[in-house]
Amino acid sequence: MLSRRLVLRGVLLASAIAFSATSVLTAQAADALKVGILIPGSKSDKGWMESSYDGLMAAEKKYGDKIKVQMIENINYADMDQALTNLATKNDLVIGVGGQTQASVYKIAKRFPKVHFSIVGGNDGESAPNVAGYDVKQAEIAYVAGAAAAMLSKNGAISYVGGMEIPSIVNAGKEFGKGAKSINASIKYFENYTGDFDDVAKSKEATLAAIAQGADVHYHILNLGLRGMEQAAKEKGTKIIGSYTDRCGTDPLYVAYSITGTGYQVQYAIDEAVKGTWKAGYKEFGLKMGPLASGMVVCNATPEVKAKLLEAEKAIKEGKIKTLEG
């Protein structure tokens with residue numbers, strides 16, 4: 001697999017581009033689809049980035065030598081334009097993972113009109129003829145996760161920690177609280193933002209503060225910052241609802257997982273490009289796209305819990321419950 005994939009890390013970006021790109025990319029069949037992907041965080045964060053990386057691995061397994069991949073990971077925001085420029089000069093399809101890549105994607109896409117760009121977690125609004133934005137609809141599944149948290153909490157108190165305080169992350173937090181109150185109107189709900197998806201110390205501090213007020217089930221939209229939540233929960237004996245991928249049975253800290261299919265979106269972008277059916281524009285994913293795109297899994301769930309969560313999902317899909325954007 002590594003023979004088909006060029007992996008560039010932010011701290012080595014400039015030098016790696018200089019000596020490795022040509023040799024790796026020319027080693028493949030000339031007619032292979034060239035895919036560049038920017039994963040700005042860690043591909044082992046147990047979250048958004050890792051789920052996206054898993055989707056990339058699935059696409060490589062599916063297509064083999066029909067695609068060749070260049071990946072850049074773990075970069076600073078200040079290096080994002082440079083990273084995307086590098087990817088766009090060498091690839092047919094460029095995927096930006098995370099809404100934090102959106103501004104740079106639209107900026108760089110103007111310079112490369114013949115390259116297709118897809119944003120995993122893209123929001124509606126700005127448009128370009130060569131950019132596709134895939135909305136994961138995090139707020140939808142956050143509502144369902146809130147309902148799950150209310151049923152799983154023994155103390156009647158839950159918490160949410162988000163990274164950057166941007167609309168999609170804030171809206172998911174609001175919907176998590178609403179979902180919890182749909183089950184228990186008097187539940188205590190604590191919401192906090194660290195300003196950084198990767199800050200371990202701040203996420204631990206925020207989680208400990210919520211625990212001190214009684215919270216015993218926690219939800220998040222974090223990347224490496226999740227490590228801080230895990231540390232706090234382990235120290236205090238509380239539980240976490242994970243995000244993005246079902247990993248039930250792998251860690252006793254986790255009692256449930258919300259599926260936000262960022263990896264599914266990576267595969268979707270590559271599938272469409274391989275088939276020649278890739279389209280620009282905004283596209284909603286979320287619950288309507290099925291369980292691979294969005295869903296809720298409670299580990300060892302009772303029939304009653306499953307039924308209530310399915311009821312919530314159905315109400316959202318039918319428009320009976322309207323959630324915020326994000």
Side-chain angles (χ1 to χ4, degrees), residues 33 35-41 47-49 51-56 59 71-73 75 77 80-81 83-85 87-88 91-142 162-172 175 197 221 223 243-244 258-290 292-294 316 323-326:
L33 175 76
V35 179
I37 183 166
L38 173 59
I39 297 180
W48 185 292
M49 304 298 161
S51 175
S52 299
Y53 180 73
D54 289 346
L56 178 65
M71 183 176 74
I72 297 175
E73 64 165 324
I75 67 162
Y77 291 112
M80 205 167 288
D81 286 1
L84 287 167
T85 298
L87 293 174
N91 295 287
D92 308 304
L93 170 68
V94 174
I95 303 171
V97 174
Q100 63 265 50
T101 69
Q102 181 160 310
S104 287
V105 165
Y106 277 106
K107 178 181 178 181
I108 303 306
K110 293 176 183 177
R111 295 170 46 197
F112 297 91
K114 294 183 179 180
V115 177
H116 293 156
F117 293 80
S118 292
I119 305 167
V120 172
N123 298 316
D124 198 7
E126 192 172 358
S127 65
N130 60 332
V131 178
Y134 304 148
D135 189 344
V136 296
K137 307 293 286 184
Q138 288 183 107
E140 284 188 354
I141 201 59
M164 293 178 67
E165 197 169 354
I166 56 180
S168 60
I169 307 304
V170 173
N171 288 350
E175 292 301 335
F197 292 111
I221 296 183
N223 294 332
S243 297
Y244 310 110
S258 69
I259 310 304
T260 309
T262 60
Y264 178 81
Q265 291 189 0
V266 170
Q267 292 180 72
Y268 179 89
I270 295 172
D271 285 343
E272 293 298 295
V274 168
K275 292 186 295 184
T277 55
W278 182 96
K279 293 181 181 179
Y282 171 75
K283 182 176 178 61
E284 292 185 353
F285 282 71
L287 289 166
K288 290 182 179 179
M289 288 290 285
L292 293 178
S294 185
I316 292 171
T323 60
L324 296 168
E325 293 298 320

**Message:** Does L84 form a side-chain contact (heavy atoms from CB on, under 4.5 Å) with V105? I'd like the steps, not just the answer.
**Reply:** CA-CA 7 Å; L84 287 167; V105 165; 3.9 Å; yes
**Message:** Once rounded to the nearest 0.5 Å, what's the spacing between atom CD of E73 and atom OH of Y53?
**Reply:** 7.5 Å
**Asked** In chain order, what residues pass the salt bridge (charged side-chain N to carboxylate O under 4.0 Å, His left out) check against K288, with sequence neighbours excluded?
**Response** none
**Asked** When rounded to the nearest 0.5 angstrom, what is the spacing between CD in Q138 and CD in E175?
**Response** 12.0 Å
**Message:** Please report the interatomic distance CD1(I37) to CD1(I72), rounded to the nearest 0.5 Å.
**Reply:** 11.0 Å
**Message:** Enumerate the salt bridge (charged side-chain N to carboxylate O under 4.0 Å, His left out) contacts for residues 269-279, please, sequence neighbours excluded, ordered by first and then second residue.
**Reply:** K62-D271, E272-K275
**Asked** S52 versus Q265: any side-chain heavy-atom pair under 4.5 Å?
**Response** no
Could you give the side-chain donor-acceptor pairs of residues 117-131 under 3.5 Å, partners two or more places apart or in another chain?
unit_1: S118; atom_1: OG; unit_2: Y134; atom_2: OH; d: 3.2
unit_1: S118; atom_1: OG; unit_2: W278; atom_2: NE1; d: 2.9
unit_1: N130; atom_1: ND2; unit_2: A109; atom_2: O; d: 3.1
unit_1: N130; atom_1: ND2; unit_2: F112; atom_2: O; d: 3.0
unit_1: N130; atom_1: ND2; unit_2: V115; atom_2: O; d: 3.1

With a cut-off of 3.5 Å and sequence neighbours excluded, list every side-chain donor-acceptor pair involving residues 163-171.
unit_1: N171; atom_1: ND2; unit_2: P167; atom_2: O; d: 3.4
unit_1: N171; atom_1: ND2; unit_2: E325; atom_2: O; d: 2.6

**Asked** Taking C-beta and beyond as the side chain, do K283 and Y268 meet within less than 4.5 Å on heavy atoms?
**Response** yes
**Item:** Beyond-backbone contact of W48 with F197, side-chain heavy atoms, under 4.5 angstrom
**Value:** no
**Asked** Is there side-chain contact between I95 and T101, with at least one heavy-atom pair below 4.5 Å?
**Response** no
**Asked** Under 3.5 Å, side chain of E140 to main-chain N/O of I316, donor-acceptor pair present?
**Response** no
**Asked** Would you say I141 and V136 make side-chain contact, with heavy atoms under 4.5 Å?
**Response** no
**Message:** Can you list everything that forms a side chain to side chain donor-acceptor pair (under 3.5 Å) with Y282? Sequence neighbours excluded, please.
**Reply:** D135
**Asked** How long is the gap from CG on L87 to CG on L38, to the nearest 0.5 Å?
**Response** 6.5 Å
**Working for side-chain hydrogen bond (donor to acceptor under 3.5 Å, both in side chains), residues S51 and T262** = CA-CA 6 Å; S51 175; T262 60; 3.0 Å; yes
**Request:** Hey, could you give me the CD1/CG distance between I270 and L93, rounded to the nearest 0.5 Å?
**Result:** 6.5 Å
**Message:** By the salt bridge (charged side-chain N to carboxylate O under 4.0 Å, His left out) test, which pairs, at least two apart or in different chains, include something from residues 92-114?
**Reply:** K34-D92, D81-K107
**Asked** Would you call K137 and S294 a side-chain contact if the rule is heavy atoms closer than 4.5 Å?
**Response** no
